[in-house]
**Student:** 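Input: one structure, supplied below.
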Amino acid sequence: METDCNPMELSSMSGFEENAEINGFEGTDMKDMKLEAEAVVNDVLFAVNNMFVSKTLRCADDVAYINVETRERNRYCLELTEAGLKIVGYAFDQVDDHLQTPYHETVYSLLDTLSPAYRDAFGNALLQRLEALKRDGQS
C-alpha cells in the first residue's frame with residue numbers, strides 16, 4: 001500500500017487549548033492566531049502540495065491568513081478566526097471582501113470539501129497509523 005506520509009508523524013489536531021500551557025497562555029482567554037495558524041499548517045501539510053502562514057497579510061491576535069495549494073493545484077487564501085476557517089481568496093495572499101464563503105470549524109472539514117486528494121492522503125495516513133497500532137499491540 002502506498003502512503004503519503006509517515007503515519008507515526010500524524011498528530012492529533014493541535015488546538016490552542018491543548019498547547020496553552022506550552023505557549024504560556026494558560027488561564028487566559030487570549031489566543032495568538034499566528035501560533036494557531038502554524039499548528040493548523042503542521043497538522044495537514046503532509047496532505048497538500050503547499051501550505052504556509054502568510055507573510056504578506058498581517059496577522060493579529062484575532063485573525064491569521066493561511067495560503068494553501070491542494071494536490072489538485074488549486075490555490076486558496078484562508079482566514080483563521082475564533083469562528084473557524086473560511087476561504088477569502090482564490091490565490092495566495094488574496095483577500096476578496098465580497099467573497100461569501102462559510103466558516104469551517106476545522107481545517108480537516110474545509111480541506112475535505114475542497115480536495116478529494118486530501119481525503120485520500122488523510123485516509124491512507126490514518127490507515128497506516130491504525131495498522132502500526134495493531135502491530136504494536138500484537139508484539
Side-chain angles (χ1 to χ4, degrees):
M1 175 172 65
E2 186 176 327
T3 183
D4 296 305
C5 74
N6 178 350
M8 300 309 281
E9 294 174 1
L10 183 61
S11 64
S12 65
M13 183 172 169
S14 297
F16 179 85
E17 292 79 11
E18 295 170 2
N19 297 322
E21 189 173 309
I22 295 169
N23 293 330
F25 296 112
E26 184 177 25
T28 69
D29 291 333
M30 184 180 145
K31 286 188 178 183
D32 181 336
M33 281 299 161
K34 185 172 182 182
L35 290 175
E36 183 72 10
E38 289 168 354
V40 165
V41 169
N42 289 334
D43 273 356
V44 295
L45 188 57
F46 74 92
V48 296
N49 278 353
N50 194 8
M51 189 173 198
F52 57 95
V53 177
S54 175
K55 293 174 180 65
T56 304
L57 300 173
R58 187 172 103 12
C59 290
D61 290 340
D62 60 345
V63 65
Y65 295 93
I66 300 170
N67 294 311
V68 61
E69 181 181 84
T70 64
R71 290 189 174 191
E72 293 85 2
R73 303 229 179 262
N74 297 318
R75 289 184 170 189
Y76 303 94
C77 183
L78 310 177
E79 178 185 84
L80 173 65
T81 65
E82 287 284 333
L85 291 129
K86 74 174 186 172
I87 298 169
V88 293
Y90 293 102
F92 286 174
D93 297 320
Q94 176 192 48
V95 176
D96 181 349
D97 293 326
H98 301 293
L99 195 60
Q100 299 289 324
T101 59
Y103 278 100
H104 293 263
E105 287 187 24
T106 67
V107 67
Y108 312 111
S109 144
L110 181 116
L111 288 173
D112 191 59
T113 63
L114 296 177
S115 173
Y118 163 80
R119 280 193 302 274
D120 292 344
F122 190 86
N124 286 339
L126 184 59
L127 183 59
Q128 286 273 323
R129 179 71 175 131
L130 290 172
E131 289 173 352
L133 288 171
K134 182 178 176 183
R135 280 192 307 274
D136 290 347
Q138 292 175 350
S139 40

**Student:** Is there a path from Y118 to V41 through hydrophobic residues (I, L, V, M, F, W, Y) whose side chains come within less than 4.5 Å of each other?
**Tutor:**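 Yes, because Y118 and V41 connect within a single hydrophobic cluster, where side-chain heavy atoms sit under 4.5 Å apart.
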**Student:** Hydrophobic clusters here meaning ILVMFWY residues chained together by side-chain heavy-atom distances under 4.5 Å, can you tell me if V40 and L45 are in one?
**Tutor:**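 Yes.
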**Student:** CG of L126 to CZ of F122: how many Å apart, nearest 0.5 Å?
**Tutor:**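 The CZ atom of F122 is 6.0 Å from CG of L126, to the nearest 0.5 Å.
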**Student:** For a side-chain contact (heavy atoms from CB on, under 4.5 Å) check, start with the C-alpha distance between V68 and L78, then their side-chain angles and the critical distance, and finish with the verdict.
**Tutor:** CA-CA 8 Å; V68 61; L78 310 177; 3.9 Å; yes
**Student:** Looking at residues at least two apart in the chain, or sitting in another chain, which of them share a side chain to side chain contact (heavy atoms under 4.5 Å, CB included) with A37?
**Tutor:**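 Listed in chain order: V53, A64, I66, L80.
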**Student:** In chain order, what residues pass the salt bridge (Lys or Arg N to Asp or Glu O under 4.0 Å) check against R58, with sequence neighbours excluded?
**Tutor:**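 Partners of R58 by the salt bridge (Lys or Arg N to Asp or Glu O under 4.0 Å) criterion come out as none, since no residue qualifies.
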**Student:** Determine whether a donor-acceptor pair (N or O, by modelled atom type, separation under 3.5 Å) exists between the side chain of T101 and the backbone of I87.
**Tutor:**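 Such a contact is found between T101 side chain and I87 backbone.
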**Student:** How many angstroms lie between CD in Q128 and CD in E131, if you round to the nearest 0.5 Å?
**Tutor:**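 Answer rounded to 0.5 Å: 5.5 Å.
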**Student:** Applying side chain to side chain contact (heavy atoms under 4.5 Å, CB included), name anything that partners P116, two or more places apart in sequence or on another chain.
**Tutor:**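 So P116 forms a side chain to side chain contact (heavy atoms under 4.5 Å, CB included) with E72, R119.
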**Student:** Return the minimal non-hydrogen interatomic distance between A121 and F46, and the atom names on each side.
**Tutor:**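 So the two residues come closest at O-CE1, 3.9 Å.
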**Student:** Is there a donor-acceptor pair closer than 3.5 Å between any side-chain N or O of N49 and the backbone N or O of T70?
**Tutor:**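 Confirmed, N49 side chain pairs with T70 backbone.
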**Student:** Checking S109 now: which residues fulfil side chain to side chain donor-acceptor pair (under 3.5 Å) with it, not counting sequence neighbours?
**Tutor:**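 Per chain and number, S109 pairs via side chain to side chain donor-acceptor pair (under 3.5 Å) with H104.
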**Student:** Name all residues meeting the side chain to side chain contact (heavy atoms under 4.5 Å, CB included) criterion together with F52; count only those two or more places apart in sequence or in a different chain, and write none if there are none.
**Tutor:**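 Per chain and number, F52 pairs via side chain to side chain contact (heavy atoms under 4.5 Å, CB included) with N50, N67, F92.
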**Student:** Compare every heavy atom of L110 with every heavy atom of K86, then report the nearest pair and how far apart it is.
**Tutor:**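 Answer, listing the atom of K86 first, then L110: CA-CD1, 4.2 Å.
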**Student:** Quick check for you: to the nearest 0.5 Å, what is the distance between S115 atom OG and R73 atom CZ?
**Tutor:**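 One finds 12.0 Å between OG of S115 and CZ of R73.
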**Student:** As an exercise, state the distance from CG of L111 to CG of D43, rounded to the nearest 0.5 Å.
**Tutor:**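 Going from the CG atom of L111 to the CG atom of D43 covers 11.0 Å.
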**Student:** Hey, what do you get for CG (L85) to CD (E36), rounding to the nearest 0.5 Å?
**Tutor:**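 Between L85 CG and E36 CD, I get 8.5 Å after rounding to 0.5 Å.
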**Student:** Would you find a donor on one side and an acceptor on the other, under 3.5 Å apart, between the side chain of N42 and the backbone of E38?
**Tutor:**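 Pair found, side chain donor or acceptor close to backbone of E38.
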**Student:** List the residues meeting side chain to side chain donor-acceptor pair (under 3.5 Å) with Y103, not counting sequence neighbours, and say none if there are none.
**Tutor:**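 Partners of Y103 under the side chain to side chain donor-acceptor pair (under 3.5 Å) test: E79.
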**Student:** Answer yes or no: is there a side-chain heavy-atom contact under 4.5 Å between Y65 and D93?
**Tutor:**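 Y65 vs D93: side chains apart.
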**Student:** Looking only at side-chain N and O atoms, does D96 offer a donor or acceptor that is under 3.5 Å from a partner on Y90?
**Tutor:**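 There is no such pair between these side chains.
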**Student:** Rounded to the nearest 0.5 Å, what separation is found between the OG1 atom of T81 and the CG atom of D61?
**Tutor:**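 Going from the OG1 atom of T81 to the CG atom of D61 covers 13.5 Å.
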**Student:** So which heavy atom on G89 is nearest to which on L99, and how close?
**Tutor:**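 Minimum heavy-atom separation between G89 and L99: N-CD2, 3.8 Å.
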